[in-house]
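In what follows, a structure is listed as structure tokens, so that the remarks can point back to it.
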Amino acid sequence: MDIQTFRIYYDTYYKTLCRFLNLYTQDIEVIEDVIQEIFLKLWENKDTIEITYIKTYLFRAAKNKVLNHLRNEENRHYLLENWFNQQIEDRKHKECFDLDTLTDLLNRAIDQLPSKCKEIFLLSRREQLSYKQIAEKLNISIKTVETQISIALRRIKDILSSSTFAFLWLFI
């Protein structure tokens, strides 16, 4: 495959692949990254790869790549939430911790979140709504909900981590 053939494939299939991947995620950055990766791999392996039907190859590669990305994102959110819950659970059982003070710190951390992020986090944690329900209620994508929850958990963790050490000094 030469550069002209590659350019023809890119120009022919780029927009179609974007629309196709939009069925899996509405995150344009993810879509663009996936497409760039599959075309980069195609170019890097142009001398060794044997493709009978380029359209089939590109669509299958794009689908697999985006599904892997979504699976990895879901796992990352799951692990981050579990870690966060475990940290709270571990701290509950330490004798030097005052649960009311920790709750106060947590509420202050939540209050420091950006307004939309805070709203999404509270709908998830206090109202126990699923990501899908939140997305429908706020007319946003599930991916946006996932991203905002991730941001909220990271910021709360950072605030609690720094506040916890200051808080512990009160008992020493």
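Treat the numbers as computed from the prediction; the structure is a model and nothing was measured.
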Heavy-atom closest contact ([X] atom, [Y] atom, distance):
X	Y	value
Q133	Q128	OE1-O, 4.3 Å
C117	I151	SG-CG2, 4.0 Å
F39	F6	O-CE1, 3.4 Å
N22	Q26	O-NE2, 3.0 Å
A62	V34	O-CG1, 3.7 Å
C18	I31	CA-CG2, 3.8 Å

Side-chain contact test, heavy atoms from C-beta onward, threshold under 4.5 Å: evaluate it for [X] versus [Y] and give yes or no.
X	Y	result
L123	K137	yes
H69	E37	no
Y57	I38	no
V145	L138	no
L42	L58	yes
V30	D33	no
R19	T16	yes

Do Y53 and Y13 sit in the same hydrophobic cluster, where Ile, Leu, Val, Met, Phe, Trp and Tyr count as joined when their side-chain heavy atoms come under 4.5 Å apart?
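No.
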Is it true that L21 and L40 fall in one hydrophobic cluster, defined by side-chain heavy atoms closer than 4.5 Å?
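L21 does not cluster with L40.
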Check ion pair R7-D11 (N to O, under 4.0 angstrom):
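Salt bridge present between R7 and D11.
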ring-ring contact (aromatic ring centres under 6.0 Å, His included) between Y9 and Y14, intermediate numbers included
CA-CA 8 Å; Y9 290 157; Y14 182 84; over 10 Å; no
Drop me the distance from [X]'s [atom1] to [Y]'s [atom2], to the nearest 0.5 angstrom.
X	Y	atom1	atom2	value
I140	Q148	CD1	CD	7.0 Å
L113	L122	CG	CG	8.0 Å
F59	L17	CZ	CG	4.5 Å
E29	K143	CD	NZ	10.0 Å
L106	R108	CG	CZ	10.5 Å
I134	E127	CD1	CD	8.5 Å

Main-chain N/O of [Y] paired to [X] side chain as donor or acceptor, under 3.5 Å:
X	Y	answer
N45	K41	yes
S124	I120	no
S150	E146	no

Within a reach of under 6.0 Å around [atom1] of [X], are more than 12 heavy atoms found that belong to other residues, nucleotides or ligands?
X	atom1	result
K55	NZ	no
R125	CZ	yes
K63	NZ	no

Donor on one side chain, acceptor on other, S141 and T144, under 3.5 Å
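The criterion, which ignores hydrogens and geometry beyond distance, is satisfied for T144 and S141.
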